[in-house]
Amino acid sequence: MTEISPAPYDFRTAEPRWQAEWERAGAFDVPDVPPADRPKYYVLEMFPYPSGQLHMGHVRNYTLGDVVARYKRARGYSVLHPMGWDAFGLPAENAARERGVHPRIWTLDNIATMRGTLKRLGFSFNWDREIATCLPDYYGKQQKLFLDMLQAGLVERRESWVNWDPVDHTVLANEQVVDGCGWRSGALIEKKQLSQWFLRITKFAPDLLDGLSHLPRWPDRVRTMQERWIGRSVGARVRFALHSPPAGFDTDLDSVEVFTTRPDTLFGMAFIAVAADHPLAARVAQTNPEAAAFIAECRRLGTSEEAIETAEKRGFDTGLRVSHPFAPDQTFPVWIANFVLMEYGTGAIFGCPCGDQRDLDFAHAYHLPFRPVVLPPGEDATNFTITGKAWDGDGTLFNSGFLDGLDTVQAKAEAITRLEGMGVGRGVVNWRLRDWGISRQRYWGCPIPVIHCASCGAVPVPDDQLPVVLPEDVTFDRPGNPLEHHPTWKHVACPRCGADATRETDTFDTFVDSSWYFTRFTAPHAAAPTVRAAADGWLPVDQYIGGIEHAILHLLYARFFTRAMRETGHVGLDEPFDGLFTQGMVNHESYRDADGSWLYPDEVERRGDGAVRRDTGMPVTVGRVEKMSKSKRNTVAPVAIIERFGADTARWFVLSDSPPDRDMEWTEAGVSGAARFLQRLFRTVRTVAETVPDVAARPETLSDAADTLRRITHRTIASVGDALDGFAINVAVARLHELTSALADSERTAGQDGMDFARREAARTLCLLTAPMVPHQAEEMLSILEPGQAPAVQRAWPETDPALLVARQVTIAIQIMGKLRATIDAPPDAPAADILAQAEAEPNIARLLDGRKIVKRIHVPNRIVNFVIAG
RNA sequence: GCGAGCUUGGCGGAAUGGUAGACGCACGAGACUUAAAAUCUUGCGCCCGCAAGGGCGUGCGGGUUCGAGUCCCGCAGCUCGCACCA
C-alpha cells in the first residue's frame, strides 16, 4: 500500500526526544529556596507505593498534577513539582516470604520500573528531588524528628491492646482481622497488651478541628470526615459511688465514672453499663466465672465487623449497685454491656432509656424500670410515655427534681453546676480522636531509634549514632519480626550507662513516612531533616492531589505531624496543604468467561452489544463497570497504552470527558478517539506551518473571517484559563476541540485579508494551550510552526486581547412569558430601545403579540428579552 | 441510624438565575474508494407537522421569580464515608 498523505505525527520518536530535551535543559528544576523574583507554587500528587507497576489511577492522578504544574509554570510561577516513593510496607515482606526476594531488592526494582513509566509519560517532575522512604537518607531524618518530638513531650510509651496473630507472631491492624481471624494465617486472633509508642495527636485535637475552617480549598466532604473523626462532644464526667461495695474491693474501684452529653437527663437514669474491657468488669470477673464468660464472648464478637451491625443489646448484671448523685437514697444496678465501648469516653455510661434508643433497647431486653424526664414540645406531662422510641431531642424537664421546668440547655448547665458543687462531676469536652499508636512489629519499616536498658529504661539513640539502619542480612523463614530474630542487630550498649541493652525492634507505622515527605521534598539532600528557608519558602503545598481514600488518616496525620514539627522547630507553619483535590477512580468493564473466570480486556473483543473471546470466539459476559482491580482483571496497563498510542494520547484521554473529581470509565473507543483527535490537531497545525506564510505584525485590515477566527482564539485563551483555574479540565479539552475545528475550517477562507496572521496566531495558541495536557505533541507542533524559536516549556501562557473577547454579534433570545419564541442577532451592547423594537418587529414575535397588551418588557443586555403580556 | 455527594439525550458530560443538551463517544445519511479503513460533509432529546411552527422535557411533588437544571421546602433513588461515639 502506498502512503500518499504525509506521515502522521510519530509519537514514538517525538516523545523520547522532547523528554531528553527537557531533561537536558533542566526545565523543571527549581532551587531549594524559592526565587524571590516570582511567586512560588507547590504542586504535589500523593506519592505512590511501589507495588510493581504503575496503574491507570496513577496516570490520572499524575496527569492532573502535571497539567496544573505546567500551567502554573506558564503563568509565571516558580513551580515545585517533586516525586518520590512511599517505599516501606508489608507487601515487600510478603514478597520476601513468598518469593525469597529481599524487600529492599523487590522495592528498588519496582521503583526502577515505575520511575521508567513515569518518565515515559513526560511528567514535569523535578527528578533531582526524588526520595524513597526506605532509604536511610530519608528515614534517618525521620528518626531525628521522632527523637525531637520525644524530647518535646509529644511521644509516649504505654501499654495498649493489639490484635495478635498467634500463628504469624505478629500484630494485625483492625482491617487485617476478618471475622475474628487473621487474614493471612486464618488463626483465631487474640487481644494482647503490648508496650507501644504513641504520638500525642490528641494534644492537637482542638487545633486540628479549628484548622479545618481555614482550609476553604479543601472539599467539604473531606473536612466533614475529619471533623467527625476528631469527634468533639461537650458533656460531663460524672462519678457514681458504689453502694456498699463488697468486702475486698480495691479502693480505686469503689466508684464508676461515666461520660455523658446529657447530664440533664440524670434523673431518668435506669442503670450503669461498663464495657467488657472496663477495669470494673475485669475485677468482677475475677470472682465470677459467668461474668468472665460474658466478657470473653463480647471480645470475640467485638472483632467481627458484621456482628457489630446486627448484634442485639446484651448485658450481664454484676450485682453491684451505685447511688444516684442527686438522690443518694436511690440505687441503680451496674451491668456489663456489649454495646459500651472502652475506647470512647470513660468506657462506662449511665443508661437513660427515655432519651437514648440504645439504653431503651437495653432496658426493654432486661425489663429495667425507667421514667421519662424530657417532655417534647407540645406534649402533655400527664399522659406522656416512652414505649418503642426514645426522645433524644430537646424539651422541658420533668420528673427531675430541681431541674423540673428547665429546658434542655438550661438543665445541662444546671446539672453540671450542681455536680461540680458536690465534687462528683464536671463539665468536659470529650474527643473521639485517639492517640496515634505507631509501633509495628515489622521488618520493612523505619526503626524506632530507642534502646532499652534494664537500668535506664527507654533511652533515645544519640544524634551521632543516627541513622539506625535496618540490617540487610535478615531471614523470613519463620514467623514474627526478623529484627527480633537477628543474631546481633538488637544487642548494643546503653548510650547512657554502657551496660548491655537491646534496641527497639519495632518499626514505625508507614503513615509516619508519608506525614512529612512533602516537607523533605523542599530540601531532599540536606543533612538536617529540614532547611527552614526551603520548607517555609515552598510550603504550604498549594495544590495537593490524590485519592479520596486518604481523606482521613493520611491527611490528618500529616496535619498533625506538621504541627509537631513546628513545635520542635523544623517548620514554621501548621497546615501543610492549602488546596486539596480528590480525583475520581478509573473504572473499566469487567468480563467473565462461560466458566465464570475473569478475563483481561485484551482477551475480549466487543461485538455490537456483546463481547466474545478473541482466541476462541466464545461469548463473554460483560459485567459491571467498576474500579480497575487485579482480582477482576479489568485492568489496562499504562505501558501497553503508551506503546500503542503514546503518552500524550493516554494523558489526553484521562483528561477528556469526565470531570477530574468524578470516576471515569476507561474505554477502547475513548482512547482511540483521543488518538484520532491528536492526529487531527497535528495535521491542522502542520497545514498552517506548511502553507501559511509567517506574518510578523498584525495587518491593518482584517476580513470578517480573520476577525472571527481571532475572536475565537482569544475567547479560547480566556476560557481554557478559567477552566484550568477551576479544575474543569474536561471543559478545557472541549474548548480546545472547538479552536481546533475553527482553525481547520479556516482553510476554506485562507487567503482573505489577515487570515495568514489569524491562522498562525490560532495555531501558535493551540500549541501553547495544549502544552500542559499533551506536552510532547505541543512541542513538536510548535517546533514545526516556529522552527528555531523557544520551546513551549519556556513560553508564557498567551495573553488575551480584551477587545477580542466580545463577540462581533450577539444572538438574543426573545421570550414571551418566559417561553422562547424567537432569536435575533444584534451588535453587542446595543441600546435597549433598539433591541426591544427589533424584538417586537420579529415576525413570529409580532404574530404572537398581535392584539395582546404588553405589561412588562424585561431586557438583559446581550442575552434575553422577555415580554410579559396580560391575560 | 448519622453525614456528605450525586440524579440532565443511547452514553460521558456542558450550562455567572437568562436560547438546556457546549464538547466528545455511539449511531444514521452522504462524499472519496473496486472495497474496507482513514478522512471529509451532514443529521441526531421526545411528540405532532410537508413546512412554518407548536407541545413536552434536567429523578418526583410544591414554592420563590418576568424567567429555575441552577435558589428554597418536602420526597424518592443511587454512591461514598462513619457507625452501638453515650
Side-chain angles (χ1 to χ4, degrees), chain A residues 1 5 8 219-229 231-233 235-236 258-262 265 273 275 302 305 308-313 337-341 343-352 355-359 361-362 392 430-433 548-549 551-552 584-585 625 653 656-659 661-665 667-670 672-674 676-677 679-680 683 719 722-723 728 730-738 740-741 744 811-824 843-844 847-848 855-869:
Chain A
M1 186 167 122
S5 61
D220 285 345
R221 61 176 174 153
V222 174
R223 281 191 307 217
T224 308
M225 284 160 78
Q226 293 218 351
E227 206 175 294
R228 291 169 66 93
W229 187 263
R232 179 180 196 267
S233 62
V258 306
F259 171 72
T260 177
T261 56
R262 296 298 301 272
T265 63
E305 289 172 31
I308 292 174
E309 240 171 278
T310 52
E312 53 187 283
K313 304 278 175 290
N338 66 345
F339 66 94
V340 179
L341 306 173
E343 305 80 51
Y344 187 76
T346 61
I349 61 157
F350 85 83
C352 175
D356 185 295
Q357 192 61 43
R358 295 158 301 181
D359 298 349
D361 295 343
F362 192 77
D392 61 3
N430 193 60
W431 301 86
R432 181 183 177 276
L433 185 68
I548 187 70
E549 65 272 20
I552 299 182
M585 296 185 300
V625 174
F653 177 52
S656 309
D657 294 348
S658 293
D661 56 344
R662 283 199 218 169
D663 289 357
M664 66 168 289
E665 188 188 350
T667 61
E668 182 75 17
S672 48
R676 262 201 318 274
F677 169 76
Q679 290 295 349
R680 185 162 86 96
R683 285 196 305 272
S719 57
D722 288 347
N730 55 320
V731 179
V733 166
R735 299 287 92 86
L736 290 166
H737 274 283
E738 287 170 341
T740 305
S741 293
T811 301
I812 294 172
I814 313 300
Q815 299 179 338
I816 294 173
M817 299 298 281
K819 278 185 180 291
L820 180 73
R821 294 303 179 190
T823 60
I824 57 171
N844 201 41
R847 179 176 68 84
L848 290 162
V855 181
K856 199 171 175 184
R857 295 174 173 82
I858 313 278
H859 172 240
V860 180
N862 301 327
R863 288 202 171 270
I864 209 159
V865 168
N866 188 15
F867 294 107
V868 184
I869 55 179

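By convention in this document, chain letters (A, B, ...) are assigned in the order of the sequence lines, proteins followed by strands, and residues within each chain are numbered from 1.
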Write down the atom of [X], the atom of [Y], and the distance for their closest heavy-atom approach.
{"X": "Val340(A)", "Y": "Gly347(A)", "value": "CG1-O, 3.5 Å"}
{"X": "Glu665(A)", "Y": "Phe653(A)", "value": "O-CZ, 3.7 Å"}
{"X": "Asp663(A)", "Y": "Met585(A)", "value": "OD1-N, 2.8 Å"}

Using Watson-Crick or G-U wobble geometry with both distances below 3.5 Å, tell me the partner of [N], or none.
{"N": "rG67(B)", "value": "none"}
{"N": "rC56(B)", "value": "rG45(B)"}
{"N": "rC2(B)", "value": "rG81(B)"}
{"N": "rC50(B)", "value": "none"}

Taking for each residue the nucleotide of RNA chain B bearing the nearest heavy atom, is the 5' side occupied by Phe339(A) or by Ile864(A)?
Ile864(A)

It should be established whether [X] places a side-chain nitrogen or oxygen under 4.0 Å from OP1 or OP2 of nucleotide [N].
{"X": "Lys819(A)", "N": "rC56(B)", "result": "yes"}
{"X": "Arg676(A)", "N": "rA37(B)", "result": "no"}
{"X": "Asn844(A)", "N": "rG54(B)", "result": "yes"}
{"X": "Arg847(A)", "N": "rG53(B)", "result": "no"}

Any side-chain heavy atom of [X] sitting closer than 4.5 Å to one from [Y]?
{"X": "Asp356(A)", "Y": "Thr265(A)", "answer": "no"}
{"X": "Asp392(A)", "Y": "Gln357(A)", "answer": "no"}
{"X": "Ile814(A)", "Y": "Phe867(A)", "answer": "yes"}
{"X": "Ile869(A)", "Y": "Met817(A)", "answer": "yes"}

For [X] and [N], give me the distance from atom [atom1] to atom [atom2], rounded to whole Å.
{"X": "Phe350(A)", "N": "rA86(B)", "atom1": "CZ", "atom2": "P", "result": "13 Å"}
{"X": "Tyr344(A)", "N": "rA86(B)", "atom1": "OH", "atom2": "P", "result": "4 Å"}
{"X": "His737(A)", "N": "rC23(B)", "atom1": "NE2", "atom2": "P", "result": "10 Å"}
{"X": "Met664(A)", "N": "rC25(B)", "atom1": "CE", "atom2": "P", "result": "14 Å"}
{"X": "Arg680(A)", "N": "rU39(B)", "atom1": "CZ", "atom2": "P", "result": "9 Å"}
{"X": "Asp356(A)", "N": "rG1(B)", "atom1": "CG", "atom2": "P", "result": "16 Å"}
{"X": "Met585(A)", "N": "rC80(B)", "atom1": "CE", "atom2": "C1'", "result": "9 Å"}
{"X": "Leu820(A)", "N": "rG53(B)", "atom1": "CG", "atom2": "C1'", "result": "13 Å"}

Is [X] touching bases, backbone alone, or none of the nucleic acid, heavy atoms closer than 4.0 Å?
{"X": "Thr667(A)", "value": "nothing"}
{"X": "Val340(A)", "value": "base"}
{"X": "Leu433(A)", "value": "nothing"}
{"X": "Arg223(A)", "value": "nothing"}

Work out how far the [atom1] atom of [N] is from that of [M], and round it to whole angstrom.
{"N": "rG24(B)", "M": "rC32(B)", "atom1": "P", "answer": "25 Å"}
{"N": "rC56(B)", "M": "rG3(B)", "atom1": "C1'", "answer": "38 Å"}
{"N": "rG13(B)", "M": "rA26(B)", "atom1": "C1'", "answer": "14 Å"}
{"N": "rU41(B)", "M": "rU34(B)", "atom1": "C1'", "answer": "23 Å"}
{"N": "rG57(B)", "M": "rG62(B)", "atom1": "P", "answer": "12 Å"}
{"N": "rC27(B)", "M": "rG74(B)", "atom1": "P", "answer": "45 Å"}
{"N": "rC75(B)", "M": "rA86(B)", "atom1": "P", "answer": "25 Å"}
{"N": "rC25(B)", "M": "rC80(B)", "atom1": "C1'", "answer": "27 Å"}

How does protein reach along nucleotides 3-17 of chain B, written 5' to 3' as B (base within reach of a heavy atom under 4.0 Å), S (only sugar-phosphate), or - (no contact)?
SS-------BSS-B-

Determine, for nucleotides 64-72 of chain B in 5'-to-3' order, which nucleotides have protein heavy atoms under 4.0 Å from the base (write B), from only the sugar-phosphate (write S), or from neither (write -).
--BS-----

Does NZ or CZ of Lys313(A) lie under 6.0 Å from the centre of the six-membered ring of Phe339(A), at an angle within 45° of the ring axis?
yes

The glycosidic conformation of rG9(B), counting syn as within 90° of 0 and anti otherwise, is syn

From the set [options], return the single nucleotide nearest to any side-chain atom of [X].
{"X": "Ala813(A)", "options": "rU19(B), rA86(B), rC23(B)", "value": "rU19(B)"}
{"X": "Arg358(A)", "options": "rC23(B), rC85(B), rA26(B)", "value": "rC85(B)"}
{"X": "Glu738(A)", "options": "rC82(B), rC40(B), rC23(B)", "value": "rC23(B)"}
{"X": "Arg821(A)", "options": "rA86(B), rU19(B), rG55(B)", "value": "rG55(B)"}

Arg432(A), CZ atom: more than 12 neighbouring heavy atoms under 6.0 Å:
yes

Worked check of salt bridge (charged side-chain N to carboxylate O under 4.0 Å, His left out) between Asp220(A) and Arg223(A):
CA-CA 5 Å; Asp220(A) 285 345; Arg223(A) 281 191 307 217; 2.4 Å; yes

So, the side chain of Asn430(A) versus the backbone of Ser233(A): is there a donor-acceptor pair under 3.5 Å, distance only?
no

Which class fits the ring pair Phe677(A) and His737(A): parallel under 30°, tilted 30 to 60°, perpendicular over 60°?
tilted

